Structure formats: structure tokens, C-alpha cells
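Note: hydrogens, waters and symmetry copies are ignored here, and every other heavy atom, side chains too, is used. Everything quoted here is computed from the prediction, not taken from an experiment. First the proteins, then the strands, lettered A, B, ... as listed; each starts at 1.
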Amino acid sequence: MLDLKYIRENPALVKKGITNKNEKDTVDQIIELDKDRRHILSQSEELKAQKNRVSAEIPRLKKAGENTDAIFAEMKEVADKIKELDESLRVVNEKLNSLLEWVPNLPHTSVPIGKSAAENVEVREWLPEGFEFGKEDDEPILDHLELGKKLGILDFERGAKIAGSGFPVYIGKGAALERALINFMLEHHVDHHKYTEIIPPLLVNRESMRGTGQIPKLEEDMYHMEKDDLFAIPTAEVPITNMHRDEILLESQLPIYYVGYTPCFRREAGSYGKDSKGFLRTHQFNKVEMVKLVKPETSYKELEMITADAESILKSLLIPYRVLMLCTGDLSFAAAKCYDIETWSPAENKWLEASSCSNFEDFQARRANIRFRNVESNKVDFIHTLNGSGLATSRLMVSILESYQTPEGKIIVPKVLQKYTGFEIIG
RNA sequence: GGAGAGGUGGGAGAGUGGCUUAAUCCAACGGUUUGCUAAACCGUCGUACUGUUAACUCGGUACCGGGGGUUCGAAUCCCCCCCUCUCCGCCA
């Protein structure tokens with residue numbers, strides 16, 4: 001949510017930001033409604049002030065034995081008029097809010113302007129020592145689907161039988177490898193980057209979804225339990241960020257770093273056929289998510305740090321990756337700035353998105369009403385929120401299986417995971 | 001699913017129609033005292049919107065879980081809903 005006052009005072013800047021994000025510009029309507037709103041509000045408040053003044057007089061008049069009938073009759077009329085004004089105010093506010101809710105966050109000034117993913121900017125690339133692109137071509141290389149089937153560690157067909165396509169089943173050492181990966185990532189962030197581990201609810205209410213900005217725009221993309229009006233989380237960002245909804249934090253509590261593993265559920269409505277085989281697009285996947293609640297002036301420094309935290313996982317696993325700065329047109333609804341981390345898939349011969357690290361500035365905090373008390377000024381202000389996948393296991397699993405396969409089609413378990421799996425090779 | 005209790009400021013917690021400007025305590029902030037720390041004492045201390053201003057300056061309005069109602073006037077009375085806790089039932 002943007003600050004209405006900011007929109008009122010900087011309409012041109014807001015319009016530009018919205019347009020650069022390929023979203024619908026409703027600034028003119030918002031400003032018009034805001035004008036109506038304030039006009040009605042001042043009329044209503046003036047009458048209320050009158051009402052309060054008179055009410056305060058009544059006990060005195062009664063004590064003095066004066067007749068209050070005329071005043072009561074007049075005040076009755078004032079009360080009716082107030083009710084009328086407040087009703088029209090309610091209507092205007094409703095319209096205004098339904099527009100405001102759809103206004104995206106504005107891109108940070110450092111974000112390149114662009115229409116689509118094609119205009120994202122590569123910031124850096126990291127390759128393990130001795131790695132060369134295309135070296136794989138000398139030997140037959142199996143993709144993750146073939147490997148999973150051959151080794152009996154992944155079963156997409158049975159997942160489809162049980163639930164539907166896009167619900168993978170991990171078996172035996174495949175399941176152990178997945179579990180090892182999750183444990184490794186959690187421990188790594190807790191031990192080396194000072195995150196506090198969280199196991200949150202996997203179903204959340206509507207207010208939480210609104211708080212982090214999934215609702216209204218992405219409502220269709222989520223699984224919804226109608227009976228209880230609960231949503232299956234599309235990412236741990238939702239429950240973890242909402243832990244502090246409607247709270248005023250002490251400045252001394254900040255920054256707060258959380259990390260949590262959860263399964264994530266996405267309907268992926270309308271995306272069939274595109275990158276959809278195997279792990280490339282699933283309805284359920286595992287993700288370790290980092291969430292930061294920080295003071296506003298530190299959030300861009302924190303964005304660099306959270307990105308580095310995600311990268312350090314890939315360095316430990318010796319997986320080639322690159323970091324992209326998303327252009328304005330590819331930024332998500334709530335993000336002001338975002339880095340995507342893509343891992344290399346030798347079989348697909350392309351980069352796959354495995355992490356997204358974003359600064360939401362005060363956009364989510366405003367929606368979720370998360371504030372802190374500034375010690376110096378003793379004023380409350382919205383915090384800034386960030387999050388980053390650290391990381392999603394499915395895409396990462398593609399890179400691991402494909403990169404660590406031997407000529408015989410076995411998988412060597414990455415060194416850092418071996419103490420978690422208890423075995424060194426699959427197959 | 002049934003019965004009961006409850007929801008008040010950053011936290012605890014009083015408040016049964018106008019003397020509430022929501023008491024009091026704690027926390028926080030400023031100060032006094034003091035070798036230092038602690039303690040004690042004094043003072044300040046809600047949020048949002050809105051108008052105004054050089055200024056968070058000064059004014060107005062709203063807010064006691066949410067929404068309606070009664071009344072000249074509601075934290076307080078009435079109705080509906082939500083949530084939390086306890087007990088019972090059912091179940092992992």
C-alpha cells in the first residue's frame with residue numbers, strides 16, 4: 001500500500017512508477033476520490049464538534065433547571081445529518097480503498113527501466129573452480145526426470161495419481177537428499193547469518209494474505225479452503241512477515257531475521273506448458289525462506305546481505321549461478337527492488353530461477369501495519385520488510401542432480417550435504 | 001459440536017449513561033541527586049485522519065475486538081459477528 005498523502009503530493013512520480021511496472025494507472029481517480037473524501041469529512045467533523053460542544057453543556061443546563069427540549073430537537077437533526085454524511089463517506093472510502101489496494105509498490109531509483117524479463121540486468125556470475133560451460137557435451141547427460149526415474153528417487157506419475165500433476169513424490173535416497181538440503185540450508189542461515197528459525201502455520205487467513213500483498217492481485221493463484229476462508233501459503237514469507245502484523249516493535253528489537261522451511265503451494269493458473277515438466281514448475285515445492293524486518297534506513301544494505309546469504313548456499317554446494325537485477329517491468333507487485341538468483345541446469349542448457357530476494361520498503365509494513373518506535377524522536381514509523389528464498393529446493397535439485405551425475409548415471413552427494421544424508425552416492 | 005469466561009493504550013489492569021481529558025502500575029523518554037552503576041524523586045508520555053503552520057506548531061474528529069442500534073450524549077445499555085481461554089464431547 002502506498003501512502004495516500006504521498007500519492008496526493010507526488011502524482012507524477014507515482015504515475016511513472018506504476019507505468020514502468022506495467023500496472024494500471026488509477027492515480028487521477030484516486031486523487032479525485034480523495035478530494036471528495038476530505039470535503040465530506042470536514043463537513044461531518046464540523047457537525048460532530050458542534051454536537052460535542054452542546055453535549056458538554058447539557059449537565060450544566062439541567063443542573064440550573066433550564067428547559068433543554070429545543071436543544072434536544074436541534075441536536076436530533078444534527079445527529080441525522082451526521083449519519084447521512086458518514087454514509088456517503090463510507091461509500092467514497094470503499095471506492096478509494098479498492099483502488100488503493102491495487103496500486104503496486106514503486107520501483108527504487110536504482111532499478112533499470114524495462115518492459116519484461118528480457119531487460120533484466122546481470123549483476124554477477126559465479127562458477128565453481130574448473131567449471132566450463134558445455135563441457136558436459138562430451139558425455140551423455142541425463143536430465144533430472146530421467147535421473148529421478150532411473151534411480152527410483154523421484155516419481156511424478158504417482159504424484160499425479162495421488163494429487164494431480166505438479167505434485168512430486170520423493171522416494172528413498174531422493175527424499176533423504178531433499179531433507180538434507182533443507183536441513184543444511186536452515187542450519188547454515190541460523191549458524192552463519194544469525195537468523196532465528198521459525199516453523200509457521202501453512203494455512204493463513206485472508207488478512208495475512210492482504211498484509212504481504214498476495215491479495216487481491218494473486219488470489220486466483222492460491223489454494224483456498226472455502227469452509228474456513230483459509231489459504232495455503234505460496235511462500236513462508238506470508239506467515240512469517242505477518243507474525244508482527246498490527247504490532248509496534250521497539251527499535252532495539254530491530255533488525256529481526258527469520259528463516260523458515262515450509263512447503264509452498266501455488267495453483268500456477270494459466271501457466272501450463274511453459275517450463276512445466278518435472279521440477280521446473282510444480283504446485284507444491286519446498287523452500288527455505290529468509291525474512292527480515294528492519295529499520296528503513298538500513299533496508300538497501302540488508303537487501304545486499306540477504307542476497308549474499310542466498311548465494312553462499314550455492315557456493316557451498318558448488319553450483320554455478322548468476323544474479324540478475326530485475327527491471328521495473330519484471331518486478332513483483334509489492335517489491336521496490338529485487339535480485340533473482342538463477343542456477344545452471346546443464347541438461348536444460350539454461351539458467352533456472354532458484355531464488356528471489358526483494359526489498360518491499362514500507363509497502364507490506366503499511367498493509368500489515370507493522371511499525372516501530374524510534375527511540376530518538378519517540379515517534380512510530382513503518383518498518384521495512386525484505387525476504388529472499390534461501391532457497392527453493394526444486395530448481396536447486398535440478399541443478400544438483402544434473403551437475404553431480406557420473407557417467408554411469410549415479411549421483412554424487414555434494415560434500416556439504418553428506419553429513420546430513422549419511423551416504424555419499426545415489427545409485 | 002455443547003457450556004462457561006473473557007477481548008480496554010507498548011505491556012499489566014481499573015472503569016455499569018454526562019464529574020474520563022480512559023484511573024493506577026510497569027516499560028519508555030527527559031531531568032534532579034550521585035565517585036560509577038543501581039535506587040529514589042520530579043516531569044513527559046497513545047494512534048490515525050483532517051485543517052493549519054517555518055515546525056509533530058496549534059486546532060478539530062475518530063478510536064476501549066468488528067459491525068449495527070437506543071440516546072441530546074455510549075468503553076458503559078441492546079442486537080449480530082469474529083477471536084482467545086477453560087471445561088465437556090468427538091478425533092489424530
Using a heavy-atom cut-off of 4.0 Å across all strands, would you classify A:Arg37 as base, sugar-phosphate, or nothing?
sugar-phosphate

Which nucleotide in the set B:rG51, B:rG18, B:rG69 lies at the smallest distance from any side-chain heavy atom of A:Ile58?
B:rG18

Quick one: look up who B:rG73 pairs with, Watson-Crick or G-U, both distances under 3.5 Å, and put none if it's unpaired.
none

B:rU50 phosphate, OP1 or OP2: any side-chain N/O from A:Arg8 under 4.0 angstrom?
yes

Output the rounded distance in Å from CZ (A:Arg366) to P (B:rA48).
11 Å

Could you tell me the Watson-Crick or G-U partner of B:rA14, where both distances fall under 3.5 Å? Say none if there is no partner.
none

So which nucleotide does B:rU84 pair with, by the Watson-Crick or G-U wobble rule with both distances under 3.5 Å?
B:rA5

Candidates B:rG73, B:rG60, B:rU50 - which lies nearest the side chain of A:Glu45:
B:rG60

One thing to verify: whether A:Glu94 and A:Arg90 come together as a salt bridge, which I'm taking to mean a side-chain N less than 4.0 angstrom from a carboxylate O.
yes

Taken to the nearest 0.5 Å, the spacing of A:His188 NE2 from A:Leu186 CG works out to 11.5 Å

A:Lys76 side-chain N/O to B:rU71 phosphate OP1/OP2 under 4.0 Å:
yes

Whom does B:rA22 pair with, Watson-Crick or G-U wobble, provided both distances fall under 3.5 Å?
none

Atom-to-atom span, CG of A:Asp80 to P of B:rG69 - whole angstrom:
11 Å

Mapping A:Ala49 and A:Ile248 to their closest nucleotides on RNA chain B, which lands nearer the 5' end?
A:Ile248

So does A:Arg371 get a side-chain nitrogen or oxygen closer than 4.0 Å to the phosphate oxygens (OP1/OP2) of B:rA48?
yes

When the distance from CZ of A:Phe372 to C1' of B:rG11 is rounded to whole Å, what number comes out?
20 Å

Contact class for A:Ile71 (heavy atom, under 4.0 Å): base, sugar-phosphate, or nothing?
nothing

Base-pairing mate for B:rC56 - Watson-Crick or G-U, with both contacts under 3.5 Å:
none

Side-chain atoms of A:Leu41 come closest, of B:rG73, B:rU71, B:rC49, to B:rC49

If you measure from the P atom in B:rG31 to the same atom in B:rC25, how many Å do you get, rounded?
22 Å

Establish, with yes or no, whether the OP1 or OP2 oxygen of B:rG18 is under 4.0 angstrom from a side-chain nitrogen or oxygen of A:Asn52.
no

When both hydrogen-bonding distances must be under 3.5 Å and the geometry is Watson-Crick or G-U wobble, what is B:rU61 paired with, if anything?
B:rA48

Measuring only the P atom in each nucleotide, how far is B:rG59 from B:rG66? A whole number of Å is fine.
28 Å

Inter-nucleotide P distance (B:rG17, B:rA74), Å rounded:
14 Å

Taking the same atom, P, in B:rC56 and in B:rG51, what whole-Å distance lies between them?
14 Å

Minimum heavy-atom separation for A:Ala310 to A:Ile341, with atom names?
CB-CD1, 3.6 Å

Where the side chain of A:Lys83 is defined as all heavy atoms beyond and including C-beta, which of B:rG69, B:rU47, B:rG73 is the nearest nucleotide?
B:rG69

Partner nucleotide of B:rC90 by Watson-Crick or wobble geometry (both distances under 3.5 Å):
none

Between B:rG65 and B:rG7, how far apart are the C1' atoms? Round to whole Å, please.
6 Å

For B:rG67 and B:rC72, measure between their P atoms and round to the nearest Å.
23 Å

Between the side chains of A:Ser208 and A:Arg245, does any donor sit under 3.5 Å from an acceptor?
yes

Using both distances under 3.5 Å as the test, list the Watson-Crick or G-U wobble partner of B:rC41, or none.
B:rG31

